[in-house]
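Below you'll find the structure, written out as structure tokens, and then a few comments.
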Amino acid sequence: MRRRARRVKGRLVRAGLAMLLATGALATSQAFGAETEETPAAAAENPYERGPDPTPSSIEAVRGHYSVSQTSVSSLSVSGFGGGTVYYPTSTADGTFGAVAISPGYTATQSSISWLGPRLASQGFVVFTIDTLTTLDQPDSRGRQLLLALDYLTQRSSVRGRIDSTRLGVMGHSMGGGGTLEAAKSRPSLQAAIPLTGWNIDKSWPEIKTPTLIVGADGDSIAPVSSHSEPFYSSLPSTLDRAYLELNNASHFTPNTSNTTIAKYSISWLKRFIDNDTRYEQFLCPLPRPSTTIEEYRGNCPHSG
């Protein structure tokens, strides 16, 4: 009887060990399964992120992470706009970049907005500061020229291989700012638009589907915010990712010289919407507060794009 009892006890012990081993194997399998399930999430990180994690100092700096080269585009080699200068990250190690075309204002040439070229390019964009067909072009014409400049940049330029043609944006000053709105209205596939103290007879833009940052100036007497930037912003669809930045102690021509506030929020906007880089959301949401350089900031947070 004792021998039989020992055999039964032995079988029970072995059965218990088998259950423990099975349970352990299941737990191990589940653990590996969980790890496998998490792997795609890690692999699904945004492929368009460029450059190191941003900080307030990195987006306020005169130059960003990338070294920049530039090339001139003669007006004789293009059609429909006046040529310009292309600024681009020298390195190709990170793959392709988004691109931005920028128009000057009324009576101005690309030299008036040239500071934006290397400043934006060093943050990881191909930037085309353009000249227009004449310095007297109206906004609708400047809008068409911005789009033609982007087409040239992505299809014929010497740097077209560095550009992701699905990730494009437009900017412009004054009449060029009005042209920026025209371009965004005409080409909804654009990823970002930034009019800088924009001027346009048309005050209403409910058709725009492109995330838009309107920049105005509190002391603008040529395109006063009350009759230009503010109604531009208010007319954009409420469902659109949009923002209104009014510069403090600034004039219509503030965008013509290097400006840290314009650069900081332009970089953040372009990164957030051209590159879908949510690392820059922190600089846009919660909404920036009034300061020595910001009179007012409005917008929707968090962003949906």
Side-chain angles (χ1 to χ4, degrees), residues 68-89 96-121 125-202 205 207-208 210 212-213 215 223 253 255-256 266 270 274:
V68 174
S69 297
Q70 66 184 75
T71 183
S72 296
V73 177
S74 169
S75 61
L76 301 177
S77 66
V78 299
S79 177
F81 67 103
T85 304
V86 180
Y87 303 85
Y88 58 95
T96 56
F97 297 93
V100 185
I102 309 177
S103 168
Y106 190 64
T107 73
T109 65
Q110 62 162 319
S111 63
S112 66
I113 38 94
S114 62
W115 70 272
L116 284 162
R119 191 146 184 177
L120 298 181
F125 296 100
V126 176
V127 183
F128 197 2
T129 58
I130 69 168
D131 280 316
T132 50
L133 294 175
T134 80
T135 58
L136 307 180
D137 292 304
Q138 296 297 301
D140 59 343
S141 174
R142 287 174 192 248
R144 290 192 295 272
Q145 292 180 67
L146 281 167
L147 296 179
L148 288 170
L150 286 176
D151 292 342
Y152 168 83
L153 199 59
T154 57
Q155 298 169 18
R156 294 180 46 214
S157 75
S158 61
V159 298
R160 61 189 180 279
R162 298 173 184 263
I163 300 170
D164 180 343
S165 61
T166 68
R167 297 188 290 124
L168 306 175
V170 285
M171 295 179 67
H173 171 241
S174 188
M175 203 76 82
T180 296
L181 294 168
E182 300 280 1
K185 176 181 174 180
S186 298
R187 189 173 294 181
S189 62
L190 292 174
Q191 300 296 298
I194 306 177
L196 304 170
T197 59
W199 187 98
N200 200 309
I201 292 175
D202 187 350
W205 301 92
E207 314 92 339
I208 288 182
T210 298
T212 301
L213 167 62
V215 179
F253 299 103
N256 291 154
S266 295
L270 297 174
I274 289 183

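This one's a predicted model, so the numbers in the text were calculated from it and none came from an experiment.
- A heavy-atom distance below 4.5 Å is found between the side chains of Leu147 and Ser186.
- Taking CZ of Phe81 as the start and CG of Asp131 as the end, the distance is 10.0 Å to the nearest 0.5 Å.
- Within the 4.5 Å cutoff, no side-chain heavy atoms of Met175 are placed close to those of Thr132.
- Leu190 CG to Ile274 CD1: the interatomic distance, rounded to the nearest 0.5 Å, is 8.5 Å.
- Among all heavy-atom pairs drawn from Ser266 and Met171, the shortest one is OG-CE, 3.8 Å.
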Inset, instruction - Given side-chain contact (heavy atoms from CB on, under 4.5 Å), test His173 with Leu116 step by step and report yes or no. - result: CA-CA 11 Å; His173 171 241; Leu116 284 162; over 6 Å; no
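- A distance of 4.5 Å separates CG in Leu181 from CD1 in Ile208, rounded to the nearest 0.5 Å.
- At most 12 non-hydrogen atoms from other residues, nucleotides or ligands lie less than 6.0 angstrom from CD1 of Ile201.
- For the atom pair OG of Ser79 and OH of Tyr152, the computed distance is 12.0 Å after rounding to the nearest 0.5 Å.
- Summarising the geometry of Gln138 relative to Trp199, their closest heavy-atom pair is OE1-CZ3, 4.1 Å, with the distance given to 0.1 Å.
- Summarising the geometry of Ala183 relative to Gly143, their closest heavy-atom pair is CB-O, 3.7 Å, with the distance given to 0.1 Å.
- Two residues are said to be in side-chain contact when any heavy atoms from C-beta on lie closer than 4.5 Å; Leu120 and Ile102 meet this criterion.
- No side-chain heavy atom of Arg119 sits under 4.5 Å from any side-chain heavy atom of Tyr87.
- For the residue pair Leu270 and Ala192, the shortest heavy atom distance occurs at CD2-CB, 3.9 Å.
- The minimum heavy-atom distance linking Ala108 with Thr135 is given by the pair O-CG2, 3.8 Å.
- Here Arg142 contributes atom CZ and Asn200 contributes atom CG; the two are 11.5 Å apart, rounded to the nearest 0.5 Å.
- Annotation: side chain of Gln155 is not in contact with side chain of Arg160 (no heavy-atom distance under 4.5 Å).
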Inset, instruction - For Thr212 and Trp205, run side-chain contact (heavy atoms from CB on, under 4.5 Å): C-alpha distance rounded to whole Å, both residues' side-chain angles, the deciding distance at 0.1 Å, then the answer. - result: CA-CA 11 Å; Thr212 301; Trp205 301 92; over 6 Å; no
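- For Ala99 against Leu150, the heavy-atom pair with the smallest separation is O-CD2, 4.4 Å.
- Looking at Ser114 and Thr85, their side chains never come closer than 4.5 Å, going by heavy atoms from C-beta outward.
- Within the 4.5 Å cutoff, side-chain heavy atoms of Ile113 are placed close to those of Asn256.
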Inset, instruction - Check the pair Leu146 / Ile130 against side-chain contact (heavy atoms from CB on, under 4.5 Å), numbers first and verdict last. - result: CA-CA 8 Å; Leu146 281 167; Ile130 69 168; 4.1 Å; yes
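- Residues satisfying the side-chain contact (heavy atoms from CB on, under 4.5 Å) test with Val159, not counting sequence neighbours, are Val86, Tyr88, Val126, Leu153, Ser157, Arg162, Ile163.
- With no hydrogens or angles considered, a side-chain donor-acceptor pair links Gln145 and Ser141 at under 3.5 Å.
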Inset, instruction - Take Asp140 and Asp202 through the side-chain contact (heavy atoms from CB on, under 4.5 Å) test and state the conclusion after the steps. - result: CA-CA 10 Å; Asp140 59 343; Asp202 187 350; over 6 Å; no
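- In this structure, CG on Leu213 lies 8.0 Å from CG on Leu196, to the nearest 0.5 angstrom.
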